Amino acid sequence: MFKAAYSLLCIFDSVNSVYGRKKVQKMVHLLEASGTELPFKYEYHFYGPYSAEVQEEIGFLVQQGFLDEIKHDGAYEYVITDRGRTFKSTLEDDGGYSVNINDRLLSSMTNESSQFLEMVSTYAFLIDSGYEPLSARNKALELKPHLERFVDKAVKYYNDKVKNH
């Protein structure tokens, strides 16, 4: 019942905060692409893979006081609260919840820009949709010509950190 909330609280507890809604979306998507079992479904949208479920769950966590949503110059930062940490612990202790998150990947993503993660996430989405690597690279470039400067680094990042964790 609380798997989605628990999963997101684990992510935020590991990194403390994430700046930007798009970055949250891409980080969660890439964790799933790396094999972390998360309960979210993704569709392709303008900024790449997007899950309405992730955004709805974040809204719930903010509403319940488990995450703070802080607006900075038109962008949002999400920070886990003490109440969120307590709820996460309760779910672990009383509900038996657990999730195995790729902490190395998660930590690495916090240091990357949302635009870079958008390209990595788009490439991962295409690979997961059945594209061969070269075709996925070319399609990602077609979909994201404004992010061309990231494509080679994104493919390497995907191969090194997302798939070969």
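Every value quoted in this text rests on a predicted model; they were computed, and no experiment measured them.
- Counting only heavy atoms from C-beta outward, the side chains of Arg104 and Asn102 approach each other to under 4.5 Å.
- Hydrophobic cluster membership differs between Tyr47 and Leu141, with clusters built from Ile, Leu, Val, Met, Phe, Trp and Tyr side chains linked at under 4.5 angstrom.
- Here OH of Tyr42 is found 14.0 Å from OH of Tyr44. Values are rounded to the nearest 0.5 Å.
- Applying the ring pair (Phe, Tyr, Trp, His ring centres under 6.0 Å) test between Phe116 and each of Tyr157, Tyr123, Tyr158 identifies Tyr157 as the sole match.
- With hydrogens and angles disregarded, no donor-acceptor distance shorter than 3.5 Å links the side chain of Glu37 to the backbone of Val99.
- No donor-acceptor pair closer than 3.5 Å links the side chain of Ser121 to the backbone N or O of Glu118.
- Formation of a donor-acceptor pair under 3.5 Å by the Ser89 side chain with backbone atoms of Arg85 is found in this model.
- Formation of a donor-acceptor pair under 3.5 Å by the Thr81 side chain with backbone atoms of Phe66 is found in this model.
- Of the inter-residue distances, the one linking Lys22 atom NZ with Ser113 atom OG reads 8.0 Å to the nearest 0.5 angstrom.
- The side-chain heavy atoms of Phe40 and Leu8, taken from C-beta on, include a pair separated by under 4.5 Å.
- Considering OG1 of Thr36 and CD1 of Ile11, their distance stands at 7.5 Å, rounded to 0.5 Å.
- Side chain of Ser129 to backbone of Phe125: a donor-acceptor contact under 3.5 angstrom is found.
- For the pair Lys71 and Tyr78, the cation does not sit on the ring face, since its NZ or CZ is not both under 6.0 Å from the ring centre and inside 45° of the axis.
- A donor-acceptor distance shorter than 3.5 angstrom exists from the side chain of Lys26 to the backbone of Pro49, with no hydrogens or angles considered.
- Counting heavy atoms from C-beta on, the side chains of Arg149 and Met119 never come closer than 4.5 Å.
- Judged by distance alone, with hydrogens and angles left aside, the side-chain atoms of Lys3 form no donor-acceptor pair with the main-chain N or O of Tyr97 at under 3.5 Å.
- Between the side chain of Arg83 and the backbone N or O of Ile80, no donor-acceptor pair lies under 3.5 Å.
- Ile70 pairs by the side chain to side chain contact (heavy atoms under 4.5 Å, CB included) definition with Asp68, His72, Glu77, Val79, not counting sequence neighbours.
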